[in-house]
Novice: 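Just passing along the structure, written as structure tokens.
Here the structure is a predicted model, which is why all the values come from computation and not from measurement. Heavy-atom basis, side chains included; hydrogens, waters and symmetry copies ignored.
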Amino acid sequence: MNLIFTEIKTTDGKENNYYFGLDTDEYMGYKAYGHSGFWGTVVYHFPALNTSVSIFILERDQRKLRPDIMDQIIGILTR
């Protein structure tokens, strides 16, 4: 299990929070582990909430909406 959290170094030397297929993010103070896709998909697991959330934006140029949608979902879950 711990292998999945092995950090993958990139050749550009930038920190990217990317592991073996997973990245980390944070929404409303909750740490998330997951993966996002080129076409607007995102799937994150929030261990503190024991919850996984998936979002798919049908219009690729609208994928910038994902963080706002995720914040709204987390807000609903934590009421």
Side-chain angles (χ1 to χ4, degrees):
M1 175 68 174
N2 288 338
L3 277 177
I4 202 155
F5 295 111
T6 301
E7 187 175 356
I8 305 299
K9 300 286 184 193
T10 58
T11 58
D12 61 11
K14 294 179 183 177
E15 185 173 326
N16 58 21
N17 294 327
Y18 190 75
Y19 306 97
F20 279 134
L22 295 179
D23 58 20
T24 59
D25 212 332
E26 191 172 297
Y27 293 91
M28 298 184 67
Y30 292 94
K31 187 141 187 154
Y33 299 92
H35 187 80
S36 58
F38 179 77
W39 290 107
T41 59
V42 63
V43 177
Y44 278 116
H45 179 70
F46 296 85
L49 300 174
N50 193 30
T51 300
S52 295
V53 176
S54 176
I55 298 172
F56 180 76
I57 305 295
L58 295 174
E59 297 291 331
R60 185 178 174 279
D61 62 334
Q62 295 298 314
R63 64 185 180 172
K64 64 184 178 285
L65 297 172
R66 291 184 308 195
D68 292 335
I69 293 169
M70 188 68 78
D71 283 345
Q72 289 180 34
I73 291 170
I74 298 304
I76 291 168
L77 292 171
T78 57
R79 281 190 206 170

Novice: Could you give the distance from CG (L77) to CE (M70), rounded to the nearest 0.5 Å?
Specialist: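 Rounded to the nearest 0.5 Å, the CG-CE separation comes out at 10.0 Å.
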Novice: Go through it in stages, so that I can follow the logic: the residues are I55 and L65, the test is side chain to side chain contact (heavy atoms under 4.5 Å, CB included), and I'd like the CA-CA distance, side-chain angles, deciding distance and then a yes or no.
Specialist: CA-CA 10 Å; I55 298 172; L65 297 172; over 6 Å; no
Novice: When you compare the side chain of D25 with that of V42, does any pair of heavy atoms fall below 4.5 Å?
Specialist: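 No, too far: nothing below the 4.5 Å cut-off.
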Novice: Kindly give the heavy-atom pair with the smallest separation between P67 and Y27, and that separation in Å.
Specialist: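 Closest pair (atom of P67, atom of Y27, distance): CA-CE2, 3.9 Å.
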Novice: Are I69 and F46 connected, step by step, through hydrophobic side chains (Ile, Leu, Val, Met, Phe, Trp, Tyr) whose heavy atoms are closer than 4.5 Å?
Specialist: yes
Novice: Any pair with a residue in residues 43-54 that passes side-chain hydrogen bond (donor to acceptor under 3.5 Å, both in side chains), sequence neighbours left out, goes on the list, sorted by first then second residue, please.
Specialist: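 Output for this query lists D23-Y44, H45-S52.
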Novice: Kindly compute the distance separating CD1 (I57) from OG1 (T41), expressed to the nearest 0.5 Å.
Specialist: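 The distance works out to 10.0 Å.
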Novice: Can you pull the side-chain hydrogen bond (donor to acceptor under 3.5 Å, both in side chains) pairs that have at least one residue in residues 57-79, sequence neighbours excluded?
Specialist: none
Novice: Return the set of residues passing ring-ring contact (aromatic ring centres under 6.0 Å, His included) with Y30 (not counting sequence neighbours), or none when no residue passes.
Specialist: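 Y30 satisfies ring-ring contact (aromatic ring centres under 6.0 Å, His included) with no other residue.
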Novice: Which heavy-atom pair separates K31 from E26 by the least distance, and what is that distance?
Specialist: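 So the minimum-distance heavy-atom pair works out to N-CG, 4.3 Å.
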